[in-house]
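Please read the structure below before turning to the comments.
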Amino acid sequence: MSLFNREKVRLARCRVDYNNIPEHIAIIMDGNGRWAKKRALPRAAGHAAGAQLIETILEYAGNIGVKTLTAYAFSTENWNRPEDEVNALMGLFDKYLRRAFKKMMLHDVRFHLLGDIEELSPSLKSLCTQLEETTKNNKTVLFNLALNYGSRAEIAYAAACVARDAANGTIRPEDVDESAIEKYLYTAGQRDPDLIIRTSGEKRVSNFLLWQSAYSEFVFSPVLWPDFTPACLLEAISEYQKRSRRFGKV
Ligand code: IPE
Ligand code: IPE
Ligand code: MG
């Protein structure tokens with residue numbers, strides 16, 4: 001980390017209450033393309049810069065006590081991008097996940113893939129499965145990588161599972177409640193996100209955690225994802241700490 005960044009972190013730190021760090025932070029990592037465009041680079045260069053950054057943010061989040069970090073890396077709709085961009089992204093996921101083994105073991109991070117693994121390439125699929133298996137007993141941080149993730153697809157999948165259970169008599173239709181659906185989501189058993197950050201100035205959800213975000217706080221940062229520093233994370237946390245979460249109560 002450069003001296004300049006260290007100073008920024010120090011400054012932002014002053015405004016953060018370290019006894020009230022959100023347990024689960026989810027990030028919509030947006031703006032790689034615009035970051036590259038500003039530098040007259042190909043979009044893939046923006047994705048490469050962005051992929052590198054998630055390691056830094058994951059490590060930093062773990063250090064300040066975040067228990068779960070969820071990162072939106074590729075949506076079900078992102079398959080509609082030009083083939084060369086999709087290929088560049090898949091290549092980056094492969095490269096970074098391969099590298100991640102050691103670091104995740106070192107920092108006691110448990111890896112979990114959020115998304116439909118079946119549509120990934122055989123090598124990426126086996127990499128994700130191996131990473132989940134190798135890190136399954138790690139406890140300090142849970143890292144959810146949302147890759148080929150679509151919230152509507154996730155909910156439709158859960159509904160299909162519940163319909164199957166009803167058809168084979170495991171559950172009666174009148175007993176279908178929130179927990180019956182929840183147990184089939186990719187996030188089954190996890191705490192809902194406390195804070196969802198979207199970078200790049202866009203103010204939309206783009207099919208991310210529609211069920212799980214029922215009571216999440218949203219922070220929209222103007223910073224493009226490859227420029228997002230630990231200090232930006234602290235700023236978002238500081239903003240979160242000013243909010244009053246009521247969950248429908250007074
Ligand atoms: C986010 O950056 C990465 C993915 C969606 C895969 P974008 O590629 O969406 O960057 P912009 O929004 O075009 O700047
Ligand atoms: C959302 O970003 C998905 C990820 C960050 C992976 P997009 O760039 O795909 O979203 P839209 O198209 O601007 O809504
Ligand atoms: Mg985008």
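Whatever order the structure lists ligands and atoms in, that order sets their numbers, starting from 1. This one's a predicted model, so the numbers in the text were calculated from it and none came from an experiment.
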Mutual orientation of the aromatic rings belonging to Y149 and Y72 [parallel < 30°, tilted 30-60°, perpendicular > 60°]: perpendicular

Distance-only polar pair, side chains of T140 and H107, donor-acceptor under 3.5 Å: no

Salt bridge (Lys or Arg N to Asp or Glu O under 4.0 Å) partners of residues 48-62, not counting sequence neighbours, each pair once: E55-R99, E55-K103, E59-K103

K136 vs E132, salt bridge (Lys or Arg N to Asp or Glu O under 4.0 Å): CA-CA, chis, key distance, verdict: CA-CA 6 Å; K136 71 178 179 203; E132 283 186 338; over 6 Å; no

Donor-acceptor pairs are to be reported for all side-chain atoms of residues 40-48 against protein atoms at under 3.5 Å, with residues two or more places apart or in another chain.
from, atom 1, to, atom 2, distance (Å)
R43, NE, E85, OE1, 2.9
R43, NE, E85, OE2, 3.2
R43, NH2, E85, OE2, 3.4
H47, ND1, N32, ND2, 3.1
H47, NE2, E85, OE2, 2.8

Ligand 2: which protein N/O atoms lie under 3.5 Å from its N/O atoms?
from, atom 1, to, atom 2, distance (Å)
ligand 2, 8 (O), D30, OD1, 3.3
ligand 2, 8 (O), R81, NH2, 3.2
ligand 2, 9 (O), N78, ND2, 2.9
ligand 2, 9 (O), R81, NH2, 3.4
ligand 2, 10 (O), R198, NH2, 3.3
ligand 2, 10 (O), S206, OG, 3.4
ligand 2, 13 (O), R204, NH2, 2.8
ligand 2, 14 (O), R204, NE, 2.7
ligand 2, 14 (O), S206, OG, 2.6

Metal environment of the Mg ion (ligand 3), protein N/O/S under 2.8 Å: D30 OD1

Flag side-chain contact, heavy atom, 4.5 Å: E217 against E239: no

CD/E83: more than 12 non-hydrogen atoms of other groups inside 6.0 Å: no

Closest approach of L209 to A26 (non-hydrogen atoms, all atoms of both residues): CD1-CB, 3.9 Å

Distance-only donor-acceptor check, side chains E118 and N148, under 3.5 Å: no

